[in-house]
Asker: 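Can you read through this structure? Questions will come right after.
Side chains are part of it too, since the values below use all heavy atoms of this structure and drop only hydrogens, waters and symmetry mates. Letters go in sequence order (proteins before strands), and every chain restarts at 1.
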Number of protein chains: 2
Amino acid sequence: MNKPATIKDIAQRLGISISTVSRALRNAPDINAETKQAVVLLSEELNYQPNKLALSLRQKQTHTIGVIVPNLDYVLSTMIRGIDEVALEAGYTVMVCQSNESFGREILNTGRLLDSLVDGFIVSVSSETKIFDHFKKVQARGLPMVVFDRVTPHLTAPSVRLDNEEGGLLATEHLLDQGYKRIAVLAGPANLGVSNSRVDGYLKALKKRKVNIDRQLVVHCDFNQNYAYYATLELLAMRKRPDAIFTISDRMALGAMLAIKEKGLSMPHDIGLVGFNNEPIVNLLTPTISSVDQPSFDMGKAAAKLFIEAMHNQEDMYHVEEVLRPKLFVRESSKRL
Amino acid sequence: MNKPATIKDIAQRLGISISTVSRALRNAPDINAETKQAVVLLSEELNYQPNKLALSLRQKQTHTIGVIVPNLDYVLSTMIRGIDEVALEAGYTVMVCQSNESFGREILNTGRLLDSLVDGFIVSVSSETKIFDHFKKVQARGLPMVVFDRVTPHLTAPSVRLDNEEGGLLATEHLLDQGYKRIAVLAGPANLGVSNSRVDGYLKALKKRKVNIDRQLVVHCDFNQNYAYYATLELLAMRKRPDAIFTISDRMALGAMLAIKEKGLSMPHDIGLVGFNNEPIVNLLTPTISSVDQPSFDMGKAAAKLFIEAMHNQEDMYHVEEVLRPKLFVRESSKRL
DNA sequence: TTGTAAGCGTTATCAT
DNA sequence: ATGATAACGCTTACAA
């Protein structure tokens with residue numbers, strides 16, 4: 001129940017002034033070695049911890065980063081671990097808010113973090129967000145803001161993202177290499193950038209290999225729900241059904257898998273399947289599912305590093321765009337050769 | 001880039017004193033209606049936001065709750081949404097730290113949050129933690145602390161948890177009802193309370209139904225890894241192999257499922273399977289997996305409510321122990337009748 | 001080398 | 001009903 005010690009306490013007990021104590025504790029240049037030692041000793045004895053509030057109030061910096069993410073799924077929570085790692089190292093604390101993919105919630109969270117006087121933001125925008133005024137307000141206040149994972153051209157800010165197009169390309173080319181001819185893609189909501197880029201990669205691969213593009217094979221459905229299941233059933237009911245499916249998330253791959261099995265089709269023989277994210281579960285299924293891996297932890301670290309840089313640099317870093325490369329993990333669901 | 005307005009700014013522009021402004025803003029009793037209106041009007045125009053730092057420094061309260069969790073899996077992140085919901089409502093902000101199931105990390109996080117001058121803690125202890133001095137130090141400081149999900153007898157604090165024993169009982173009785181005779185249980189690390197309670201429930205059900213208890217059928221293995229896969233392979237290799245498995249998490253159920261399929265056994269015919277947590281994936285697998293559901297969101301809300309109460313009540317609440325009830329969702333993996 | 005005092009933005013106590 | 005002023009814990013000119 002003992003109240004934490006302050007520099008005032010130390011000063012009193014040592015019979016010196018608080019500014020001397022302050023200096024001793026921050027090893028300022030002009031300080032007597034003995035006085036300093038005495039202060040340090042006593043401060044340790046009293047288990048002195050500087051009061052962050054007072055410090056922040058004084059120097060108008062909270063050393064806190066506001067992080068807003070649409071959810072806390074496997075990928076995002078891994079990224080946050082990365083952010084946290086770098087932030088801690090640099091003396092920053094992270095405050096995480098989930099928008100739950102809701103525009104309103106995102107605005108609310110932005111306000112809350114602003115209220116908490118965070119020094120800046122690292123955000124991944126919600127899929128619902130089409131207006132970015134709340135984020136622009138943050139920038140107008142002169143606070144550094146890094147966008148990661150879900151970037152958008154509507155926000156001019158330093159960013160870290162996966163080369164999603166490359167991911168789509170890797171997956172599709174692999175399927176082509178395995179002899180699949182008619183590849184469908186299960187995409188997310190049509191306004192979600194990451195989804196669209198992955199589809200772009202898919203299209204790019206087909207063009208590159210001079211494969212006919214059939215728009216019927218590009219299906220949009222709600223993310224992460226078992227909508228993928230129904231979408232796949234429809235795909236499989238086509239008169240010329242696809243012989244491979246690339247889903248832009250592993251969750252959707254699960255839904256697709258369910259439909260495929262239900263139709264009595266076998267993987268990888270009758271139909272190939274490649275997911276995205278490389279979540280741990282894909283290894284536990286039968287067959288194991290091929291998936292495009294993104295270096296989530298490193299992306300989180302990169303975002304935090306960029307933030308720290310933006311924080312310390314005076315110059316604008318709006319143009320900085322870090323793009324990390326995906327990697328395909330081939331597993332049973334698509335390995336035919 | 002405009003600096004946020006302060007009460008000082010308002011006072012100056014209105015030619016009144018800052019204390020009057022302060023009063024007007026907090027609708028104190030003794031304030032002239034007109035003055036007040038003028039202040040409120042101008043504060044809105046300037047988009048005045050009270051400085052939380054100054055406020056906290058003054059009244060020695062940050063209105064922030066430190067939350068420490070072992071990870072951010074499905075269950076825990078749902079619980080955090082619940083905590084957040086109630087906290088927001090009550091005017092509190094939540095700061096979440098992951099211990100990654102590491103004792104050292106948990107201590108580190110406790111220190112960080114303490115440094116940040118949180119008003120108290122809501123924690124779920126790491127599976128590695130066997131010494132609780134860091135948490136006891138928190139309590140010694142007089143900060144309220146609520147333990148949730150992973151509670152422990154070593155910590156005397158108000159708590160919210162699932163009736164894990166009941167969960168184990170529900171699962172096991174259901175399997176018995178379905179005619180399974182030789183039920184194995186895949187448990188987590190031996191020092192994890194939630195795991196042990198679920199096993200206790202399993203044992204209780206067997207006793208209740210007068211079924212012989214075979215200690216060989218109680219297997220401990222590392223949580224959430226695919227250790228469950230290997231453990232299941234071993235179980236299935238027994239001369240008298242079990243005809244049903246209850247796993248104390250869905251992740252482990254996935255591993256078990258993999259092994260079962262690999263052995264060419266069918267569910268629910270040859271072998272029954274019941275998991276725990278009722279994660280969304282269990283619905284997407286073939287067969288769908290029966291699972292014990294815990295009201296995660298409500299548990300989070302309950303923990304936060306308890307915290308708020310402990311915060312405002314003067315009396316000790318060490319004795320308060322809230323226990324929520326699990327519910328079994330029967331699916332294909334165990335439905336034989 | 002050390003002390004004094006102002007200031008960060010707010011609230012609360014005391015006068016007026 | 002309003003205004004000074006001290007205080008929260010700390011840093012930092014400036015003075016000694």
Asker: Among D:dC8, D:dG3, C:dT2, which nucleotide has an atom closest to any side-chain atom of A:Ile31?
Answerer: C:dT2
Asker: With sequence neighbours left out, what residues match B:Glu321 under salt bridge (charged side-chain N to carboxylate O under 4.0 Å, His left out)?
Answerer: B:Arg161
Asker: Specify the closest pair of heavy atoms between B:Arg141 and A:Pro4, including all atoms of both residues, with the distance to one decimal.
Answerer: NH1-CG, 4.2 Å
Asker: Considering every strand and a 4.0 Å limit on heavy-atom distances, what is the contact class for B:Ile16: base, sugar-phosphate, or nothing?
Answerer: sugar-phosphate
Asker: To the nearest angstrom, how far is B:Gln61 atom CD from D:dA7 atom C1'?
Answerer: 17 Å
Asker: Atom CG of A:Leu46 to atom C1' of D:dG9: distance rounded to whole Å?
Answerer: 15 Å
Asker: Indicate the ring-plane relationship of B:His134 and B:Phe103, choosing parallel, tilted or perpendicular according to the 30° and 60° boundaries.
Answerer: perpendicular
Asker: Which listed nucleotide (C:dT10, D:dG9, D:dT2) is nearest to the side chain of A:Ala54?
Answerer: D:dG9
Asker: Using every non-hydrogen atom in the two residues, find where A:Thr156 and A:Gln139 come nearest and quote the distance to one decimal.
Answerer: O-NE2, 2.9 Å
Asker: Counting only side-chain heavy atoms from C-beta out, which of D:dC8, D:dA4, C:dT10 sits nearest to A:Lys8?
Answerer: D:dC8
Asker: Picking from D:dG9, D:dG3, C:dG9, which would you name as closest to the side chain of A:Asn51?
Answerer: D:dG9
Asker: Using the side-chain heavy atoms of A:Asp30, tell me which of these nucleotides is nearest: D:dG3, C:dT1, D:dG9.
Answerer: C:dT1
Asker: List the atom of A:Ser126, the atom of A:Ser99, and the distance in Å for their closest heavy-atom pair.
Answerer: CB-OG, 3.7 Å
Asker: Starting at atom CG of B:Asp9, determine the distance to atom C1' of C:dT10, rounded to an integer number of angstrom.
Answerer: 13 Å
Asker: Report the residue (B:Leu55 or A:Gly15) whose heavy-atom-nearest nucleotide on DNA chain C is the more 5′ of the two.
Answerer: A:Gly15
Asker: Could you go over nucleotides 12-16 of chain C and give all protein N or O partners under 3.5 Å, atom names and distances?
Answerer:
residue : atom : partner : partner atom : Å
C:dA12  : OP2  : B:Arg26 : NH1          : 3.2
C:dA12  : O4'  : B:Arg58 : NH1          : 3.4

Asker: Determine which pairs satisfy salt bridge (Lys or Arg N to Asp or Glu O under 4.0 Å) with at least one residue from residues 108-137 of chain A, sequence neighbours left out, and list them in order.
Answerer: A:Arg112-B:Asp84
Asker: Give one of base, sugar-phosphate or nothing for A:Thr35, where a contact means two heavy atoms less than 4.0 Å apart.
Answerer: sugar-phosphate
Asker: Has B:Ser56 got a side-chain atom pairing as donor or acceptor with B:Lys52's backbone, closer than 3.5 angstrom?
Answerer: yes
Asker: Using atom CD1 of A:Ile7 as one end and atom C1' of D:dC8 as the other, report the distance to the nearest whole Å.
Answerer: 12 Å
Asker: Expressed in angstrom and rounded to an integer, what is the separation of B:Leu25 atom CG from D:dT2 atom P?
Answerer: 14 Å
Asker: Can you tell me how far P of D:dA1 sits from CG of B:Leu14, to the nearest Å?
Answerer: 18 Å
Asker: Can you check the B:Leu57 CG to D:dC10 C1' distance for me, whole Å?
Answerer: 8 Å
Asker: I need the minimum non-hydrogen distance between B:Gly120 and B:Leu143, along with the two atoms involved.
Answerer: CA-CB, 4.3 Å
Asker: Whole Å only: how far is the CD atom of B:Gln12 from the P atom of C:dG9?
Answerer: 11 Å
Asker: At under 4.0 Å, does any side-chain N or O of B:Lys60 touch on OP1 or OP2 of D:dG9?
Answerer: yes
Asker: At under 4.0 Å, does any side-chain N or O of A:Ser17 touch on OP1 or OP2 of C:dT4?
Answerer: no
